[in-house]
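Input: a single structure, listed below in structure tokens.
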Amino acid sequence: MQRFFIDSQILMNETIQLSSEIAYQCRHVLRYKDQQLIQLIDPTKVIGTARLSFFEKDVFAQIESIERIEETDVQITLIQALIKKDKWEFVLQKSTECGVYQVVPLILQRNVVKWADKEISSKLIRDQKILKEAAEQSERVSIPSLHSPIKIKDLIHFKSDMNFVAYEDENQNQLKHNLKPMKSYSIIIGPEGGFSEEEIKAINDLGFKSVGLGPRILRAETASIIAINTIQIMVEP
């Protein structure tokens, strides 16, 4: 059943007029008709099962049942160095499906991609839409947070109970062997060009431990998904 996030609170038996964006998707993309069931999720993580009705250009949804579902307590912060657009959007989509809590873009020396200050606002709006659509598709009850790009010195604000940086030259300490049951984890993934030695030292000095993700060298977009999935598998009950 298709899920949509809405901004207003859901109440039993109420009728909600859907936003133009959701209405367009129901009418023209999904090609739903009267009486089709969908699910709506409000900011308090209440899920309402609703029945659609179409009236001229407007689409309404009447709430027939409500429930509250909590996601896992494990919070994973992905600190991803900026990478090419198609790979970046892949990371946003797949990390959301894997259950990431928040995504933080990181500016490093070897970033192939640079975000101009004037572009950041529009890029974040587009990226937030990708997160939202991925959360709806994967039937999550919350949308991951997305932050403005940061530099190494700002990493201190995104530390968790356990903090790691996936480093391609780290062959001894593997992520899966360093995980302990905690509430929150932060993992840094580098850009296509990798980290400089100076960057790794600065990141380590801030309390992020260098770890490997396995015996092979992974692409940046692959490494982020492997890291999130490893944490999920190793620490979730």
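Residue numbers count from 1 along this sequence.
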Locate the shortest heavy-atom distance separating [X] from [Y]; write the atom from each residue and the value.
X    : Y    : answer
T44  : D42  : OG1-OD1, 2.7 Å
A81  : G190 : CB-C, 3.5 Å
F195 : A166 : CE1-O, 3.3 Å
A135 : F5   : CB-CE1, 3.7 Å
I10  : V46  : CD1-O, 3.6 Å
L213 : A223 : CD1-O, 3.6 Å

Option from I41, L18, L40 for which side-chain contact (heavy atoms from CB on, under 4.5 Å) with F4 holds: L40
Measuring from [X]:[atom1] to [Y]:[atom2], what's the distance to the nearest 0.5 Å?
X    : Y    : atom1 : atom2 : value
I83  : R219 : CD1   : CZ    : 11.0 Å
T77  : H157 : OG1   : NE2   : 14.0 Å
E21  : C26  : CD    : SG    : 10.5 Å
I143 : K129 : CD1   : NZ    : 12.5 Å
I200 : D169 : CD1   : CG    : 8.5 Å
E170 : L175 : CD    : CG    : 11.0 Å

Is there a side-chain contact between [X] and [Y] in this structure, where contact means two heavy atoms from C-beta onward sitting under 4.5 Å apart?
X    : Y    : value
I22  : I6   : yes
I150 : L106 : yes
Q25  : E133 : no
M162 : I231 : no
Y167 : I203 : no
R126 : E89  : yes
L155 : N163 : no

Between [X] and [Y], is there a donor-acceptor pair closer than 3.5 Å when you use the side chain of the first and the backbone of the second?
X    : Y    : answer
K176 : I233 : no
R3   : E139 : yes
S186 : F158 : yes
N229 : I226 : no
N178 : Q174 : yes

Is there a continuous path of hydrophobic side-chain contacts, each under 4.5 Å between heavy atoms, that joins [X] to [Y]?
X    : Y    : value
M182 : M234 : yes
V100 : V211 : yes
I188 : V104 : yes
I107 : L146 : yes
F164 : V74  : yes

Test side chain to side chain donor-acceptor pair (under 3.5 Å) on S53 and D34 and set out the steps. CA-CA 5 Å; S53 59; D34 275 338; 5.2 Å; no
Kindly determine whether V91 and L78 satisfy side-chain contact (heavy atoms from CB on, under 4.5 Å), including the steps that lead there. CA-CA 10 Å; V91 168; L78 172 63; 3.6 Å; yes
Here the salt bridge (charged side-chain N to carboxylate O under 4.0 Å, His left out) pairs for residues 182-202, sequence neighbours left out, are K201-D205
For I63 and T49, run side-chain contact (heavy atoms from CB on, under 4.5 Å): C-alpha distance rounded to whole Å, both residues' side-chain angles, the deciding distance at 0.1 Å, then the answer. CA-CA 6 Å; I63 305 299; T49 299; over 6 Å; no
Basic-acidic side-chain contact under 4.0 Å: E221, K94: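 No salt bridge links E221 with K94.
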[atom1] of [X]: more than 12 outside heavy atoms within 6.0 angstrom?
X    : atom1 : answer
K159 : NZ    : yes
D86  : CG    : yes
R216 : CZ    : no
Q172 : CD    : no

Evaluate side-chain contact (heavy atoms from CB on, under 4.5 Å) for E97 paired with I225, printing each intermediate quantity in order. CA-CA 10 Å; E97 293 177 17; I225 308 307; over 6 Å; no
Can you see whether R51 engages Q62 through a side-chain donor-acceptor pair at a distance of less than 3.5 angstrom?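 Side chains of R51 and Q62: no pair found under 3.5 Å.
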